[in-house]
Every structure is written in structure tokens, then in C-alpha cells.
Participant: 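Structure below; questions to follow.
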Amino acid sequence: SQQGEEDPQALSIQEGENATMNCSYKTSINNLQWYRQNSGRGLVHLILIRSNEREKHSGRLRVTLDTSKKSSSLLITASRAADTASYFCATDIYGGGADGLTFGKGTHLIIQP
Amino acid sequence: DTGVSQDPRHKITKRGQNVTFRCDPISEHNRLYWYRQTLGQGPEFLTYFQNEAQLEKSRLLSDRFSAERPKGSFSTLEIQRTEQGDSAMYLCASSFRNTEAFFGQGTRLTVV
């Protein structure tokens, strides 16, 4: 079974609104990473948050991590049409970085112009 | 372009044939990973190299799959006796130690 599970599976919002995606995982982690994937393309790394961090920002992105609840959230503020993509959370298995990262099924985000 | 490159981008093969994919990681990255992704799913971990040593292999990697990284630089993934179930996007990624991974554009395999 997959370690990370994103929620919702699909999300459609109007341009300019904020988008929130959640990720739950099962076992202890060293870090959690969020990636974006445009249709038929490779994955683009967005943010890495370590287990001793609670919040991290990067531009319009805000990631939170609650290790007690084994959950993370990704907030995209002031969404743009170009944000339309699938978003995946990934947790490390073997001790850090991307070695053996386990991905969820992703949240498909559609930004309506 | 100094990112991760994969070749070919697309491959169509007949069932039973062997195929080989190549990945060129970012030059200073010592870690290289292979993932497989099917439609509507997240990437599934296949195997991982640190320099030329193959450190981990997923149980998804059957005996028909083999990966090499002979000089700790580029890597190849070979699938022997392909089956229709092997049809997927094969993704390569690289990283430096425990930092974030950078992915290539993938090789889309179609087995007919």
C-alpha cells in the first residue's frame, strides 16, 4: 500500500482562490516532499519539510507538517491557471532525501480561468 | 540543459522484445533513482544507486528488470521479454546526498 495518500483526489477552483491539499502517511518519516507534475511530464520538486519543522514557505506555497497526526498540507495562494497540475506528497523510506521516496496517488488540481 | 535527461522519450515495442532506457543525471549528483508510473497513479520506486552501487531494489523489480550504473554517471534500465503490463512511464531522478530529487521527463513505454 502507498505510504502517502493525498486528499482530495481532484480539486477544481476559480483563478485567484486558494487551493489546499492534504496528505496523510502511515509510518514515521525523516522528511516529506511535495512535487508537481504537469500532464505527461516529469515531476518538479516544490518543497521539502523535515520532521522537526512545522511550516515552510516558498513563494505562493505554504506547507505544514503535523507529525503527531501524520499529516501534511500544501496551500497554494492566489492560484493561477498555470498551477493546473497533479500534486504529490512523498515520504522517505530509508532515511532521507529521495532514496525510496513513496508517493501517493496525487491530487489533480484544475484552476478555472 | 543541465537537468536529468532520459532517452528515448517514447518507445513502442512488441511483447517479448527487450528494451533499454538511458538516464543521464545531473553531473554532481551521486544518487540516481528509477521509478515507474502508470496513468492516474503516483510514481512507484523501482531501484536506487549511490554512485555505482545499487543499494535498494523494490519487490516490483522482477527478474526481467535489470539496472546498471557502471561508472557512477549514467544509468540504464533494461526490461527483458516485455509484457503488456510493463507499459508505463519510467522516470529517472537524481539527487546529491539527502537533498531533493530532480526528475527527468520520463520514457513512455508502450508494449503492443
Side-chain angles (χ1 to χ4, degrees), chain A residues 1-10 21 23-26 29-53 56 58 61 63 74 85-109, chain B residues 1 3-7 9-10 21 23-26 29-51 53-61 67 69 88-110:
Chain A
S1 62
Q2 291 174 296
Q3 163 79 318
E5 292 290 341
E6 292 88 347
D7 172 62
Q9 291 187 348
M21 289 159 271
C23 170
S24 60
Y25 57 92
K26 298 175 183 175
I29 61 171
N30 288 320
N31 66 65
L32 184 145
Q33 304 181 36
W34 284 92
Y35 288 81
R36 184 186 72 217
Q37 185 177 38
N38 291 88
S39 181
R41 306 293 296 274
L43 284 84
V44 175
H45 183 268
L46 298 176
I47 288 184
L48 181 153
I49 185 165
R50 301 192 186 282
S51 59
N52 61 353
E53 298 175 312
K56 215 163 180 182
S58 176
L61 307 180
V63 167
L74 170 66
S86 291
Y87 292 81
F88 296 92
C89 70
T91 54
D92 67 314
I93 302 176
Y94 304 112
D99 44 331
L101 273 180
T102 304
F103 287 80
K105 293 184 178 182
T107 291
H108 185 50
L109 175 65
Chain B
D1 186 353
V4 178
S5 63
Q6 292 187 244
D7 182 69
R9 292 290 307 276
H10 303 275
F21 309 142
C23 172
D24 286 89
I26 293 172
H29 285 181
N30 59 343
R31 295 187 177 183
L32 187 147
Y33 320 84
W34 285 98
Y35 288 82
R36 181 173 67 188
Q37 185 178 26
T38 53
L39 194 64
Q41 302 293 315
E44 295 174 302
F45 171 72
L46 293 179
T47 190
Y48 148 57
F49 290 86
Q50 179 155 307
N51 299 313
Q54 188 172 16
L55 296 188
E56 297 291 347
K57 288 174 63 174
S58 166
R59 59 183 178 277
L60 294 174
L61 213 65
R69 195 184 183 196
M89 176 78 86
Y90 290 83
L91 296 164
C92 175
S94 70
S95 73
F96 180 69
R97 295 182 182 174
N98 289 351
T99 59
E100 63 267 28
F102 292 84
F103 281 79
Q105 294 298 303
T107 293
R108 182 171 295 283
L109 173 66
T110 302

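Here is the naming used below: chain letters follow the sequence lines, and residue numbers restart at 1 for every chain. The figures here come from the full heavy-atom set of this structure, side chains too, leaving out hydrogens, waters and symmetry mates.
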Participant: Tell me, for A/Q37 versus chain B, whether the close heavy atoms (under 4.5 Å) come from the side chain, the backbone, both or neither.
Facilitator: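 Side chain only.
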Participant: Using a cut-off of 6.0 Å, state whether more than 12 heavy atoms not belonging to A/E53 lie near its atom CD.
Facilitator: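 For A/E53, atom CD is crowded (more than 12 foreign heavy atoms under 6.0 Å).
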Participant: Just how far is it from atom CZ of B/F103 to atom NE2 of A/H45, taken to the nearest 0.5 Å?
Facilitator: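 NE2 of A/H45 is found 9.5 Å from CZ of B/F103.
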Participant: Who pairs with B/T110 by side-chain contact (heavy atoms from CB on, under 4.5 Å), at least two apart in sequence or on another chain?
Facilitator: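 Counting only residues at least two positions away or on another chain, B/T110 forms a side-chain contact (heavy atoms from CB on, under 4.5 Å) with B/I12, B/V112.
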Participant: Ignoring hydrogens, what is the shortest heavy-atom contact between A/G42 and B/L91? Give both atom names and the distance.
Facilitator: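 Scanning both residues, the minimum pair turns out to be CA-CD2, 4.3 Å.
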Participant: Residues two or more places apart in sequence or in another chain: which of them pass side-chain hydrogen bond (donor to acceptor under 3.5 Å, both in side chains) with A/T107?
Facilitator: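 By the side-chain hydrogen bond (donor to acceptor under 3.5 Å, both in side chains) rule, A/T107 matches no residue at all.
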Participant: Against chain A, label B/Q37 side chain, backbone, both or neither, depending on which of its atoms sit under 4.5 Å from a heavy atom there.
Facilitator: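 It is the side chain, since no backbone atom gets that close.
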